[in-house]
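Heads up, the thing below is written out as structure tokens.
FYI, the numbering just counts along the sequence from 1.
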Amino acid sequence: FYECRELANVEISPYSKLRSINTDSFSYSIINSIFIPPEVTIIDDGAFYQCENLKIVDFSSDSKLQIIGKDAFRSSGLKKIVIPRYVTEIRESAFFTLPSLKEVIFHPESNLKIIGEFAFCKCDILNISIPSHVAKICDSAFCLCSNIKKVDFGPNSELRIIESNAFLSSSINEITIPSHVIEIGENAFSECYCLQHFNFQNNSELKSIGKGAFSQSLIPNIIIPPHVSKICENTFSNCNRLK
């Protein structure tokens with residue numbers, strides 16, 4: 001249905017045996033909503049790319065979806081997304097540039113492990129709670145999110161790495177880094193002009209803080225965990241409130 005510019009309505013039976021929605025399946029169409037049946041395990045690259053009228057995506061309560069592909073919903077009109085339980089990976093730019101996306105909800109028993117590069121970059125998310133099994137937040141995953149205020153992590157978070165630019169130029173106000181994080185990448189929290197509350201959980205395993213990681217943020221103070229062996233150049237440059 002690529003470039004079906006008159007296609008506004010799509011109906012899929014809840015009993016459908018559909019297993020995958022492949023690359024560019026509906027991209028550039030004008031669909032406004034879609035139901036994803038339970039047997040679908042992958043929404044592939046660009047499946048709903050540039051579907052500017054797409055406001056609602058509903059998943060079956062017993063959805064078996066595992067992968068949300070690169071650019072899958074990029075530049076669509078989504079306002080809210082509920083990520084099903086068995087999704088393990090949200091790939092590069094899956095929700096890139098969604099100025100209307102304000103709410104991202106993960107299943108309470110989410111299996112998500114990786115949030116890919118630019119996955120939610122330039123979204124209008126207000127708050128987000130990262131599921132417990134996420135091990136890596138990739139490069140620029142939440143950069144330029146101009147309305148995000150708070151980032152929470154699930155109990156017993158398994159997060160290990162926050163890559164470069166992960167929250168660059170976002171409006172994040174407060175965050176507590178889970179204890180198993182070992183690396184904060186280059187410019188991860190750079191230009192976060194609203195960042196005032198930054199903490200580490202007890203027993204932090206952090207080892208490395210990348211170049212410019214907190215440059216131009218508003219953090220007034222920070223306690224460096226005991227296992228940190230490397231703080232790169234310009235990590236706290238132009239942090240004018242840092243005491």
Side-chain angles (χ1 to χ4, degrees), residues 89-93 95-96 104 106 110 112-123 125 127-243:
E89 185 176 355
I90 297 173
R91 292 183 176 166
E92 180 182 345
S93 303
F95 298 93
F96 182 44
V104 177
F106 297 98
S110 172
L112 188 65
K113 292 178 171 59
I114 296 175
I115 299 176
E117 296 179 7
F118 297 96
F120 294 98
C121 178
K122 290 188 177 181
C123 289
I125 303 167
N127 299 291
I128 193 163
S129 183
I130 308 295
S132 296
H133 296 304
V134 172
K136 181 164 65 172
I137 298 175
C138 294
D139 191 335
S140 304
F142 295 96
C143 74
L144 299 169
C145 287
S146 59
N147 281 307
I148 194 167
K149 301 301 179 188
K150 187 176 181 181
V151 178
D152 289 323
F153 297 92
N156 303 311
S157 172
E158 298 170 14
L159 186 64
R160 299 289 285 172
I161 297 174
I162 299 173
E163 287 193 344
S164 299
N165 309 309
F167 294 93
L168 172 71
S169 294
S170 70
S171 61
I172 183 172
N173 176 268
E174 60 179 293
I175 189 169
T176 297
I177 304 300
S179 60
H180 296 304
V181 173
I182 60 172
E183 178 183 340
I184 295 176
E186 181 176 330
N187 294 320
F189 296 93
S190 178
E191 299 178 25
C192 289
Y193 301 118
C194 299
L195 184 58
Q196 299 184 57
H197 305 283
F198 190 94
N199 301 292
F200 294 97
Q201 281 186 346
N202 293 334
N203 303 314
S204 172
E205 299 172 16
L206 188 69
K207 296 179 180 178
S208 174
I209 302 176
K211 178 181 178 181
F214 299 97
S215 62
Q216 301 184 65
S217 72
L218 287 182
I219 52 173
N221 54 67
I222 187 168
I223 298 174
I224 306 297
H227 298 294
V228 172
S229 59
K230 182 179 182 181
I231 298 177
C232 296
E233 63 268 34
N234 299 319
T235 294
F236 299 102
S237 66
N238 294 314
C239 290
N240 297 326
R241 293 189 59 198
L242 187 62
K243 299 176 182 178

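- A distance of 5.0 Å separates CD1 in Ile184 from CD1 in Ile177, rounded to the nearest 0.5 Å.
- Summarising the geometry, atom CD1 belonging to Ile162 is positioned 13.0 Å from atom NZ belonging to Lys136; distances are rounded to the nearest 0.5 Å.
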Considering only distance and modelled atom types, tabulate donor-acceptor pairs under 3.5 Å from the side chains of residues 204-213, sequence neighbours left out.
residue, atom, partner, partner atom, Å
Ser204, OG, Leu206, N, 3.2
Glu205, OE1, Arg160, NH1, 2.8
Glu205, OE2, His180, ND1, 2.8

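- Counting only heavy atoms from C-beta outward, the side chains of Ile222 and Phe236 approach each other to under 4.5 Å.
- Closest heavy-atom contact between Ser110 and His133: O-CD2, 3.2 Å.
- Under the 4.5 Å side-chain criterion, counting only non-hydrogen atoms from C-beta, Ile175 is in contact with Phe189.
- Taking the six-membered ring for Trp and thresholds of 30 and 60 degrees, Phe106 and Phe120 have ring planes more than 60 degrees apart, a perpendicular arrangement.
- Taking the six-membered ring where the residue is Trp, Phe214 and Phe198 present perpendicular rings, their angle passing 60° and hence far from 30°.
- Counting only N and O atoms by type, the side chains of Ser164 and Glu186 include no donor and acceptor under 3.5 Å apart.
- A pairwise comparison of heavy atoms in Glu117 and Cys138 identifies N-CB, 3.4 Å as the closest pair.
- Side-chain atoms of Ile148 and Ile128, non-hydrogen and from C-beta on, do get closer than 4.5 Å to each other.
- Of the inter-residue distances, the one linking Phe142 atom CZ with Ser170 atom OG reads 9.5 Å to the nearest 0.5 angstrom.
- The pair Lys113-Glu89 fails the salt-bridge criterion, with no side-chain N (NZ, NE, NH1 or NH2) lying under 4.0 Å from an Asp/Glu carboxylate O.
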Q: Evaluate side-chain contact (heavy atoms from CB on, under 4.5 Å) for Phe200 paired with Thr176, printing each intermediate quantity in order.
A: CA-CA 5 Å; Phe200 294 97; Thr176 297; over 6 Å; no

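- When only modelled atom types and interatomic distance are considered, Ser132 and Ser157 share no side-chain donor-acceptor pair under 3.5 Å.
- Distance alone, capped at 3.5 Å, places no donor-acceptor pair between the Glu191 side chain and the Ser169 backbone.
- Atoms CD1 and CD, from Ile130 and Glu158 in turn, are 13.5 Å apart once rounded to the nearest 0.5 Å.
- Checking side-chain atoms of Asn165 against main-chain N and O of Ala188 turns up no donor-acceptor pair under 3.5 Å.
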Q. Passes side-chain contact (heavy atoms from CB on, under 4.5 Å), Ile114 versus Val134? Steps please.
A. CA-CA 6 Å; Ile114 296 175; Val134 172; over 6 Å; no

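- Across every non-hydrogen atom of Val228 and Ile231, the tightest pair is CG1-CG1, 3.8 Å.
- Remark: side-chain polar atoms of Ser179 are not paired, donor with acceptor, to backbone N or O of Gln201 under 3.5 angstrom.
- The main-chain N or O of Asp139 is found under 3.5 Å from a side-chain atom of Glu163 such that the two form a donor-acceptor pair.
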**Q.** Pair Lys149-Ser171, side-chain contact (heavy atoms from CB on, under 4.5 Å): steps then yes or no
**A.** CA-CA 6 Å; Lys149 301 301 179 188; Ser171 61; 4.1 Å; yes

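- In this structure, Ile115 CD1 and Ile90 CD1 are separated by 6.0 Å, a value rounded to the nearest 0.5 Å.
- When all heavy atoms of Ser140 and Cys121 are compared, the closest pair comes out as O-CB, 3.7 Å.
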Q.
Could you walk me through whether Ser190 and Leu168 satisfy the side-chain contact (heavy atoms from CB on, under 4.5 Å) test, starting with their C-alpha distance in whole Å, then the side-chain angles of each, then the deciding distance to 0.1 Å, before giving a yes or no?
A. CA-CA 5 Å; Ser190 178; Leu168 172 71; 3.7 Å; yes

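- A distance of 5.0 Å separates NE2 of His197 from CG of Asn173, quoted to the nearest 0.5 Å.
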